[in-house]
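Okay, structure first, notes after.
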There are 2 protein chains.
Amino acid sequence: MPRNPVWKAIAKTLETEIAERLYPPGARLPTEAALSDRFGVNRHTVRRALSDLSERGLVRSRRGAGVFVDIVPTDYALGRRVRFHQNLRAAGHLPEKRVLRIETRPARRAEAEALDLDRESEVVVYEGLSLSDGIAIAHFESVFPAARLPGLAAALAETASVTEALARAGVADYVRAETRISAERASATQALHLGLRDGEPVLCTISRNETPEGMPVERGTTWFAGDRVALVHAG
Amino acid sequence: MPRNPVWKAIAKTLETEIAERLYPPGARLPTEAALSDRFGVNRHTVRRALSDLSERGLVRSRRGAGVFVDIVPTDYALGRRVRFHQNLRAAGHLPEKRVLRIETRPARRAEAEALDLDRESEVVVYEGLSLSDGIAIAHFESVFPAARLPGLAAALAETASVTEALARAGVADYVRAETRISAERASATQALHLGLRDGEPVLCTISRNETPEGMPVERGTTWFAGDRVALVHAG
DNA sequence: GTTCATTTGTACGTATGTATA
DNA sequence: CTATACATACGTACAAATGAA
């Protein structure tokens, strides 16, 4: 068996086709038998892929009727394809990034776990501020698996764009695998960076980004100024 | 085949045993082979049950090692089909609701807009607390379009369950259309209800629920105790 | 460090039940 | 009523990760 399960590749293909409106919302997918033929696999392998899409809310199956597209994965604040600057630009604001720190150090426990690394492995750390119209609205720290992404640190220093830097390190595309959201009090450092009073609430999100094939490429923590940002989740 | 799938019965049995701490958090479940023997079914039927538990976050499997009861804090899955109590129960906690207020009054501006109502229309207001293992973790206020849901107020008073009350008012199914998430400081009232110190951070979510046909049926605002809950978004 | 039994993951195959159109 | 399509359940085989000998 391949390292990357066949069912995952099928799920990814179908997801793309749904996103591209080949199967628009409400449409019926080809039958399991037809999909088995198309991908040259057993029906149960297709079912595994459909089950994955169903779990994630993309499709819904009705016994005897078929499998139907439930929602469409689009770009929104909290979604599978989050690109921070794109969102702000879409909202008519001027996005900007300020780099605070780029360094390489051993992975911490939670980071190693999220990135599927050994404890000894090194990570590239990228800390900075996101501004909108000149006002700081978020403070972020991203860690990347250094070994898997040669030249990333240099690329980050040059471009400041995560997407662009990852592209230069060989990662053409990535998607958000999970996001955790909680509320915290701003630490003294954050309060300083975000121009908040001490103890004001911040939105803390911890997210994991992966390649379409499932290799973790980033674990990002972002602290949003609670009163300047609202995350929106469609669906 | 029976109307009630075997795998569901097995999942239910295991869920109960986990909730009763026969398998405490962190413990390893019997192997798939052992469970097959115990329930007298094929290994794949056991796997279907375990997959269900895994989906709901009760267990996590490690290839080569076994299936382990997940040590979950109260993670709240943020998805298209959110049912608050189901989530807590899935995490092995005892969910409970306390009704603070049920009343009917004219819609406010934001409510009317979200529910697609005239300003003069009336809404049913349902305010209460959600508890987990006896500890308040959220304070909520839901408003419903009164005219569209005859008998809802009475049903809410009886069952306290939104899903059940909506079912009695003729809404068999509903999905979350949108969620807005922000961080705030707890008001004095919320601090009291949630047992927080004044000014502690709370996660505020505003969501709109619709029927599958797109008719708005609920606008809910929930304030979570920031340190007791983390919202999780898969995908 | 290597080997090896154990355990979960993937994939295919077959049969039958049940809801839908 | 019938054909179609998804759901359940059994089975076999091998891959891949784990952990202990």
Side-chain angles (χ1 to χ4, degrees), chain A residues 1-14 18 23 26-70 112-113 115-121 177 210 213-216, chain B residues 1-14 18 23 26-70 172-173 212:
Chain A
M1 310 300 151
R3 264 186 315 288
N4 282 58
V6 176
W7 67 259
K8 239 178 207 181
I10 294 175
K12 175 72 187 145
T13 300
L14 292 175
I18 290 171
Y23 306 115
R28 214 192 83 175
L29 294 190
T31 66
E32 294 175 350
L35 291 173
S36 310
D37 273 358
R38 171 180 165 194
F39 293 109
V41 300
N42 187 273
R43 180 177 155 233
H44 289 302
T45 307
V46 168
R47 278 181 64 76
R48 182 69 185 84
L50 290 175
S51 156
D52 178 63
L53 296 182
S54 172
E55 257 179 60
R56 305 195 334 242
L58 268 77
V59 303
R60 190 180 310 206
S61 59
R62 279 167 43 212
R63 169 186 264 178
V67 178
F68 300 83
V69 176
D70 201 16
E113 194 167 326
L115 294 175
D116 201 14
L117 292 174
D118 298 324
R119 276 305 299 281
E120 306 80 30
S121 302
E210 304 177 337
E213 294 77 34
M215 181 184 80
Chain B
M1 310 301 154
R3 267 186 314 286
N4 278 50
V6 176
W7 68 259
K8 236 175 210 181
I10 295 175
K12 179 80 188 129
T13 300
L14 292 175
I18 289 170
Y23 305 115
R28 213 191 85 173
L29 295 190
T31 66
E32 293 176 350
L35 290 173
S36 310
D37 274 357
R38 170 180 166 194
F39 293 109
V41 299
N42 187 274
R43 178 179 157 227
H44 288 302
T45 307
V46 167
R47 277 180 67 74
R48 182 68 186 83
L50 290 174
S51 155
D52 179 63
L53 296 182
S54 173
E55 255 180 60
R56 293 186 286 143
L58 264 130
V59 302
R60 187 177 306 213
S61 57
R62 280 167 45 211
R63 170 185 264 180
V67 179
F68 299 83
V69 178
D70 207 352
D173 192 22

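A, B, ... follow the sequence lines: proteins, then strands. Residue 1 opens every chain.
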Could you tell me the separation between the CG atom of B:Asp52 and the C1' atom of D:dA7, rounded to a whole number of Å? 14 Å
When the rotation axes relating C1' atoms of four end pairs to the next four are compared across the helix from C:dT2-D:dA21 to C:dA21-D:dT2, five pairs an end, they differ to 10° by 10°
Once you round to the nearest 0.5 Å, how far does CH2 of A:Trp7 lie from OG1 of A:Thr45? 11.0 Å
Going from CZ on B:Arg47 to CG on B:Asn42, what distance comes out if it is rounded to the nearest 0.5 angstrom? 11.0 Å
Is there a donor-acceptor contact under 3.5 Å from the side chain of A:Thr13 to the main chain of A:Ala9? yes
Mark yes or no: A:Arg62 above the aromatic ring of A:Phe68, with NZ or CZ under 6.0 Å from the six-membered ring centre and no more than 45 degrees from the axis. yes
Could you pull out the closest heavy-atom pair between B:Val67 and B:Ser61, with the gap in Å? CG2-CB, 3.8 Å
Which heavy atom of A:Val59 sits nearest a heavy atom of A:Leu50, and at what distance? CG2-O, 4.0 Å
Taking OP1 and OP2 of D:dA9, is either one under 4.0 Å from a side-chain nitrogen or oxygen of B:Asn42? no
Quick one: does B:Ile10's side chain get under 4.5 Å of B:Asp52's, heavy atoms only? no
Find the distance A:Asp116:CG to D:dA17:P and express it as a whole number of Å. 10 Å
Produce the list of close N/O pairs, under 3.5 Å, pairing protein atoms with atoms of nucleotides 5-7 of chain C; give distances to one decimal.
{"from": "C:dT7", "atom 1": "O2", "to": "B:Gly64", "atom 2": "N", "distance (Å)": "3.4"}

Side-chain N,O (A:Ser61) to OP1/OP2 (D:dA5) below 4.0 Å: no
Donor-acceptor pair under 3.5 Å, B:His44 side chain vs C:dA11 base: yes
